[in-house]
Amino acid sequence: MFKKILIANRGEIAVRIERACKELGIPVVAVHSTADADAMHVRLAEESVCIGGPSAKNSYLNIPSILTACEITGADAIHPGYGFLSENARFAEILEYHGITFIGPTAEHIRIMGDKIKARATAIELGFPIIPGSDRSIESEKEAQKIADEIGYPILIKATAGGGGRGMKIVHKAEMLAEAMTSARNEAQNAFGENRLYLEKYLSRPRHIEVQILADGKGNALHFGERDCSLQRRHQKIWEEAPSSILSETERTYIGNLATKAMKKINYRGVGTIELLYENKQFYFIEMNTRIQVEHPVTEMITGIDLITEQIKVAAGIPLKKTQEEIQFNGHSIECRINAESSDSFLPSPGKINYFHSPGGFGVRIDSGAYQGYFVPPFYDSLIAKLIVWGKDRSECIARLRRSLDEFVIDGIETTIPLLKKLTRSQDIIRGEYDTHWLEEYLENEENLSLSQKMGAKNPPE
Ligand code: ADP
């Protein structure tokens, strides 16, 4: 096992990883930017090292600084969390060269899955159904036009290096294709430093279903069931559930086994997530994430397994001992993301948290780095807390989520709590009838309603 783990991340996920390390009896080193000197992940760690200025480029993405922090503290492994360097194949290689373990998959697997075209090709080889689309990057508008005509509109332009929902453009008719391609290229170039694009058929009413896997690089692999992450705004998840309320037991077993078989075939090591869309009872592979995901706790809540602990163990070379039959599912879990942003405009709302009261009670878990008096810095993503609840079934889980959100008080900054409270009262959500477009449509209706109410107030009937 490792002597000391350096956590190359911040916020709730750094705290989450620290907790797992402490329970394993492994000392941790926190790294932080100058803006995060007072952060919870720094306060809870045995040791901490400042690695640079506020911008992520100077700190959490600064490989030389992170290596120096390892050298100074004697850490023999790095946990990258999610985001930042977690899917950087070069970083994994550099660590290997320096004799430090990267708690994640091999650089080769990161590379294959990080390029969405290579990932699509690999998915086909592994037997996953995929969405009709281009099998290589699109060079010209003419080529795009030809493929789009073949698969039929609407189509989705995607960045091969995509992530976080960026670089995606929906095109409803041929006349819009050229402009959408230019805009997707620019967005991809800015976000990922490369601008290759490909096309996919745009599915009109899909659910987002993903399968959690764990493999040891020694031929053993397990799946931990699925998560349903269909409630999204701008292709970003805000509410995640396990299990999905729409899958049958047969579908669950089918997709889980397909994922496990695939991981064994490529001899994968680490945790990972196979992301799929599901429409008209068909699964379609969209990507694989080769790291721990924000929404992993819902899987932990229904399986009773600490995924980060398992991730650390396989990185240390300990073979998986559990069999698939030993992974049992119990009850239902929902996670919602509490972001420091306005519930209406979604504009970031950094600043000081004057009052912080988090809910508690049976089946309630908070993963957060926030506390009363904490200053939410403007430099990073706006996730400040995750509220995760468990219930014996979906309806108990929603009732518990509703009362937990009603207890949650964060003052001083705006958060997404008001929106989440409304969602727990939506009949569509209560019935489980929603797809990946539902939230955008709901928000549009809300906006129209509030506009017409404002207009009504200004122009009272005569
Ligand atoms: P990213 O890597 O940027 O997160 P993904 O490929 O994982 O991008 O897709 C994110 C979300 O975008 C999906 O959950 C889904 O809501 C939407 N999406 C992606 N591909 C399609 C598609 N072909 N049709 C409809 N929606 C899609």
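Excluded from the calculations below are hydrogen atoms, water molecules and symmetry mates; all remaining heavy atoms, backbone and side chain alike, are included. It should be emphasised that the depicted structure is a prediction, and the values quoted were computed from it without experimental measurement. For ligands, and for the atoms within them, numbers begin at 1 and follow the listed sequence.
Scanning all protein heavy atoms for the shortest distance to atom 17 (C) of ligand 1 gives H235 ND1, 3.5 Å. The protein atom (non-hydrogen) at minimum distance from atom 2 (O) of ligand 1 is K116 NZ, 2.7 Å. If you check which protein heavy atom lies closest to atom 16 (O) of ligand 1, you get Q232 OE1, 2.6 Å. Regarding atom 7 (O) of ligand 1, its nearest protein heavy-atom neighbour is E287 OE2, 2.7 Å. Closest to atom 9 (O) of ligand 1, if we only count protein heavy atoms, is M168 CE, 3.6 Å. Annotation: atom 21 (C) of ligand 1 to nearest protein heavy atom, L156 CD2, 3.2 Å.
Summarising the geometry, atom SG belonging to C229 is positioned 7.5 Å from atom CZ belonging to R337; distances are rounded to the nearest 0.5 Å.
Assignment of K158 to the shell around ligand 1 is supported, since a heavy atom sits closer than 4.0 Å.
With F285 as the aromatic partner, R120 does not meet the cation-pi criteria of under 6.0 angstrom to the ring centre and within 45 degrees of the ring axis.
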H437 vs Y202, ring-ring contact (aromatic ring centres under 6.0 Å, His included): CA-CA, chis, key distance, verdict = CA-CA 12 Å; H437 308 309; Y202 182 67; 5.3 Å; yes

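Within 6.0 Å of CD on E179 lie no more than 12 heavy atoms contributed by other residues, nucleotides or ligands. No more than 12 heavy atoms of other residues, nucleotides or ligands lie within 6.0 Å of CZ in R90, so this atom counts as exposed by the packing criterion. Within a 6.0 Å radius of CD in E96, other residues, nucleotides and ligands contribute 12 heavy atoms or fewer.
Within the set M288, K201, K237, the minimum heavy-atom distance to atom 23 (N) of ligand 1 is found for K201.
For G391 against E396, the heavy-atom pair with the smallest separation is CA-OE2, 3.3 Å. The two residues F329 and G225 have their closest heavy-atom pair at CZ-N, 3.6 Å. In terms of heavy atoms, A35 sits closest to Y380 at CB-OH, 4.0 Å.
The E275 neighbourhood of ligand 1 comprises atoms 7 (O), with distances under 4.0 Å to a heavy atom of that residue. Taking every heavy atom of H208 and a limit of under 4.0 angstrom, the matching atoms of ligand 1 come to 13 (C), 14 (O). Atoms of ligand 1 found under 4.0 Å from any heavy atom of I131 (numbered from 1 in listed order, with element): 23 (N). Per-residue contacts place T436 under 4.0 angstrom from the following atoms of ligand 1 (heavy atoms of the residue considered): 16 (O).
Geometrically, ligand 1 and G165 share a nitrogen or oxygen pair separated by less than 3.5 Å. Ligand 1 has no N or O atom lying under 3.5 Å from any N or O atom of Y202, backbone or side chain. When only interatomic distances are considered, the shortest N/O to N/O separation between L203 and ligand 1 falls below 3.5 Å. The N/O atoms of H437, backbone and side chain alike, include none that comes under 3.5 Å of an N/O atom in ligand 1.
The side chain to side chain donor-acceptor pair (under 3.5 Å) test with R227 is passed by exactly one of Q212, E335, E240, E275: Q212.
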